[in-house]
Every structure is written in structure tokens, then in C-alpha cells.
Amino acid sequence: MKKTLSVILSLIMLCSMFALGDITAVGTESSGSFGDGFSWNYSEYDNTLQISRLESGQAFMEDFAYSNGSYNRPWEAFVDDIKLVIISDAFSIGDYAFAGCKNLGGIVFYDSTIATIGQGAFQSCENMTSFYLPGEVMAIGPSAFEGCAIESINGLDNVT
């Protein structure tokens, strides 16, 4: 009887350890909408954040502000895990949109012509070593790439 009870308790403890492994995602939204008609979806499977317009046509991404110890980004709970960002149908990258995404290694632009990159947009993205500027970028905000490990930026000839 004691041996059976011991086995059952061991199994319960083992199962609870696996359940606690994803504690950060419990009760945390991994998709939604924000700003002027944008949607976002974070995949824990491959640590990819996808941002796209809900309607056709490009739009400006909103700026994000720092308050009470974090930014007001809907994907804030996943900032430490994001490795790739895919942006569709955007005309700008808002202030501090990806600041502090220390594991962010790349950005893919799909059907986007980025005119502006906001202040601190990629600040402290420690793993970002290269960046490709799509389209004709008209403005890059202060500290946009501060604290990044950028070795090359392709498309600088497109900056006006």
C-alpha cells in the first residue's frame, strides 16, 4: 500500500513539474490586435512574432511607451523569447516596438515598405547582427539600434 501511494505521489509531482515549465504562458494571450488595425501572433513553437494588418494597405505601427517597469506592447510577456519577427503590410516600426528583445536574431518584411524606424525600435537586441532596410527609409529614430551587435546594415543606400 505504501509503495503504491509513493508511486502515485511521485507521478503527481512529476506531472506538476512539467505543468510548471510553461508557467509564463499560463493566462497570457499569445495573439490579438493593437493600434490602427494590426494583428499579432506569437508562436512558442519557434519563438516567432508575426505582425500584420487586418485590412489591406500599409499603415503606421503605433509607438510604445515605457511605464511601470515594462513597455505597453501586447507581446511584452514574450520579449525574452522572441527570435524572429515577421512584419506584413507596415509602413513604419513604432518607438520601442522590439526594444529589449535580447534573443531577436532577425526581421523579415513581407509586403512592407518601411518609411520610418522609431526611436529605440531595436534597442538592446543583443543577438541582432545584421539588418536589411526594405524600401526607401526616410527616417531612423535616435537609439534605434543602440546596444545591438549589428555588423552590417544592408539597404543603407535607400535611406533618404
Side-chain angles (χ1 to χ4, degrees), residues 19-150 152-156 158-160:
L20 293 175
D22 283 331
I23 194 77
T24 58
V26 172
T28 303
E29 296 287 328
S30 61
S31 65
S33 60
F34 70 98
D36 186 25
F38 281 95
S39 68
W40 70 279
N41 182 47
Y42 176 72
S43 169
E44 291 182 62
Y45 174 73
D46 58 3
N47 296 354
T48 298
L49 174 65
Q50 294 184 339
I51 297 174
S52 58
R53 288 272 295 149
L54 295 170
E55 302 171 8
S56 62
Q58 295 181 339
F60 288 91
M61 183 187 296
E62 69 180 87
D63 294 332
F64 299 97
Y66 190 80
S67 176
N68 297 324
S70 66
Y71 291 96
N72 64 333
R73 305 173 286 207
W75 52 85
E76 187 68 20
F78 307 105
V79 165
D80 289 339
D81 302 317
I82 297 171
K83 292 182 180 177
L84 176 67
V85 173
I86 300 171
I87 300 176
S88 301
D89 296 321
F91 195 64
S92 70
I93 297 173
D95 290 355
Y96 304 103
F98 308 106
C101 292
K102 61 184 177 188
N103 289 309
L104 180 60
I107 305 285
V108 175
F109 296 101
Y110 180 76
D111 287 342
S112 294
T113 300
I114 302 299
T116 60
I117 296 174
Q119 176 176 334
F122 298 99
Q123 191 174 44
S124 300
C125 293
E126 300 167 1
N127 281 335
M128 186 179 295
T129 58
S130 65
F131 193 87
Y132 175 76
L133 296 170
E136 293 188 22
V137 176
M138 293 183 279
I140 299 174
S143 304
F145 297 99
E146 180 182 336
C148 296
I150 297 224
S152 67
I153 296 179
N154 297 317
L156 278 175
N158 296 333
V159 177
T160 57

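Since the structure is predicted, the reported quantities are computational estimates derived from the model, not experimental observations. The first residue in the sequence is number 1, and the count goes up from there.
- Relative ring orientation between Trp75 and Phe98 is described as parallel, the plane-to-plane angle staying below 30° on a 0-90° scale split at 30° and 60°.
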Let me see the working for Ile114 and Leu133 under side-chain contact (heavy atoms from CB on, under 4.5 Å), right down to the final yes or no.
-> CA-CA 8 Å; Ile114 302 299; Leu133 296 170; over 6 Å; no

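- For the ring-ring contact (aromatic ring centres under 6.0 Å, His included) test, residues two or more places apart in sequence or in another chain that qualify with Phe38 are Phe34.
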Working for side-chain contact (heavy atoms from CB on, under 4.5 Å), residues Trp40 and Leu49 | CA-CA 7 Å; Trp40 70 279; Leu49 174 65; 3.7 Å; yes

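- For the pair Ala121 and Ile93, the tightest heavy-atom approach, listed with the atom from each and the gap, is CB-CG2, 3.9 Å.
- Atom-to-atom distance recorded for Lys102:NZ and Glu126:CD is 7.0 Å, nearest 0.5 angstrom.
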After noting the C-alpha distance and the side-chain angles of Phe131 and Ile107, does the key distance pass the side-chain contact (heavy atoms from CB on, under 4.5 Å) rule?
-> CA-CA 7 Å; Phe131 193 87; Ile107 305 285; 3.9 Å; yes

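- With hydrogens and angles left out, the side-chain atoms of Ser39 and Ser52 include a donor and acceptor closer than 3.5 Å.
- Distance check, rounded to the nearest 0.5 Å: CD1 of Ile153 to OG of Ser130 gives 9.5 Å.
- Asn41 and Ser31 make their closest contact through OD1-CB, 3.4 Å (heavy atoms, listed as atom of the first residue, atom of the second, distance).
- Interatomic distance, Ile82 CD1 to Glu44 CD, rounded to the nearest 0.5 Å: 11.0 Å.
- Proximity of a side-chain donor or acceptor of Asp63 to a complementary backbone N or O of Asp95 within less than 3.5 Å is detected.
- Between the side chain of Glu62 and the main chain of Gly35, a donor-acceptor pair closer than 3.5 Å is present.
- For the residue pair Tyr96 / Gln119, a side-chain donor-acceptor distance below 3.5 Å is found, with atom types taken as modelled.
- Two residues are said to be in side-chain contact when any heavy atoms from C-beta on lie closer than 4.5 Å; Thr48 and Lys83 fail this criterion.
- Considering only heavy atoms from C-beta on, Leu54 comes within 4.5 Å of Ser33 through its side chain.
- Panel note: side chain Arg73, backbone Ala65; no donor-acceptor pair is recorded below 3.5 Å.
- In terms of heavy-atom proximity, Ala144 sits nearest to Gly118 at CB-O, 3.8 Å.
- Ring pair Phe78/Tyr42 is parallel by interplanar angle, where below 30° counts as parallel and above 60° as perpendicular.
- Residues Ala99 and Gly120 share a closest heavy-atom pair of CB-O, 3.4 Å.
- Minimum heavy-atom separation, Asp80 to Gly100: OD1-O, 4.3 Å.
- A heavy-atom distance below 4.5 Å is found between the side chains of Val85 and Leu104.
- Within the 4.5 Å cutoff, the side chain of Asn47 has no heavy atoms near those of the Asn103 side chain.
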Take Met128 and Ile150 through the test side-chain contact (heavy atoms from CB on, under 4.5 Å) and record every step on the way to the result.
-> CA-CA 6 Å; Met128 186 179 295; Ile150 297 224; 4.0 Å; yes

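- Using cut-offs of 30° and 60° on the angle between ring planes, the pair Phe122 and Phe145 is parallel.
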